[in-house]
> 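I'd like to ask you about the structure that follows.
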Amino acid sequence: VNSPAIIPLVLCNIISVLQESLLFFVDYEARYDVFICYSYKDIEWVKELLAELEKLHFVCCIDFRDFVPGAAIVENISEAIYCSAKTIAVLSPDFVNSEWCNRELQQALTRTRKHQVVPIVYRSCVVPLTLQDKTYLDWENCLVKPFFWGQLEKALKRPCDGWIGQ
């Protein structure tokens, strides 16, 4: 065996493994302002939410329009979350009881870079324990409704660095 000829192959393999390992630590570039996570049973209101957000010039990622047909669902979800600056969780009893919604929520909450989850209680429900430390918007609260869209816009424009500021 001619060892000098093997060295370039070994080095190529080592470099390839290192490149793949480094990709694990590199985060995706945010292509979307927000990913909307919701239960399909709330889709009619979610379509209204999407339309309002796009009127406000937010670039939104939503499954029925942006997921790649034929790709694994978990891949589509991962890419949507990692390529979005923020995630809106549209909470309802159906969301709370959905295994898929809870998976999406957990993934959004465990992002590698700063990422904010903005909870909206669309229909009254028990707020998941993982969101109980977050301020949420309550769609059903008549005192909140006059300020709802302005507050949502403020939350989505706020930097993900933890500073509240104006």
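All values below come from the heavy atoms of this structure, side chains included, with hydrogens, waters and symmetry mates left out. Because the structure is predicted, anything quoted here is derived from the model rather than measured.
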> State, with a plain yes or no, whether a side-chain heavy atom of E104 is found less than 4.5 Å away from one of F35.
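Result yes, sub-4.5 Å side-chain heavy-atom pair found.
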
> So, K86 side chain and R158 main chain: donor-acceptor pair closer than 3.5 Å or not?
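Judged by distance alone, yes, a pair lies under 3.5 Å.
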
> Report yes if some heavy atom in the side chain of L53 is under 4.5 Å from a heavy atom in the side chain of D33; otherwise report no.
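Answer no - side chains too far apart.
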
> Can you list everything that forms a side chain to side chain donor-acceptor pair (under 3.5 Å) with E99? Sequence neighbours excluded, please.
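Only R103 meet the side chain to side chain donor-acceptor pair (under 3.5 Å) criterion with E99.
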
> Taking all non-hydrogen atoms of both residues into account, name the closest pair between P93 and C125 and its distance.
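Minimum heavy-atom separation between P93 and C125: N-CB, 3.6 Å.
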
> Under the side chain to side chain donor-acceptor pair (under 3.5 Å) rule, collect the residues that match up with Y122, sequence neighbours excluded.
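For Y122, no residue satisfies side chain to side chain donor-acceptor pair (under 3.5 Å) once neighbours in sequence are set aside.
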
> Are any side-chain N or O atoms of S98 and backbone N or O atoms of D94, one a donor and one an acceptor, separated by less than 3.5 Å?
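Pair absent, no side-chain N/O of S98 close to backbone of D94.
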
> Around atom CZ of F148, are there more than 12 heavy atoms from other residues, nucleotides or ligands closer than 6.0 Å?
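Yes - once you tally the heavy atoms of other residues, nucleotides and ligands closer than 6.0 Å, there are more than 12.
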
> Just jot down the side-chain contact (heavy atoms from CB on, under 4.5 Å) partners of Q132, sequence neighbours excluded, or say none.
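Q132 satisfies side-chain contact (heavy atoms from CB on, under 4.5 Å) with V127, L129 once adjacent residues are dropped.
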
> Looking at every heavy atom in both V96 and V126, which two are closest together, and how far apart are they?
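Nearest heavy atoms, V96 then V126: CG2-O, 3.4 Å.
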
> Fit a plane to each ring of F64 and Y38, take the angle between them on a 0 to 90° scale, and name the class: parallel (under 30°), tilted (30 to 60°) or perpendicular (over 60°).
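Ring orientation, 0 to 90° scale: perpendicular.
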
> Can you see which heavy atom on K134 is nearest to which on V117, and at what distance?
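In terms of heavy atoms, the two residues are closest at CD-O, 3.7 Å.
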
> Of all heavy-atom pairs between N102 and F95, which one has the smallest distance, and what is that distance?
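Residues N102 and F95, closest heavy atoms: ND2-O, 3.7 Å.
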
> For T130 versus L105, what's the shortest heavy-atom pair and its separation?
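So the minimum-distance heavy-atom pair works out to OG1-CD2, 3.9 Å.
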
> Under 3.5 Å, side chain of H115 to main-chain N/O of L109, donor-acceptor pair present?
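No: the side chain of H115 does not pair with the backbone of L109.
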
> Looking at C60 and D66, what are the two nearest heavy atoms and their distance?
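So the minimum-distance heavy-atom pair works out to O-OD2, 3.4 Å.
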
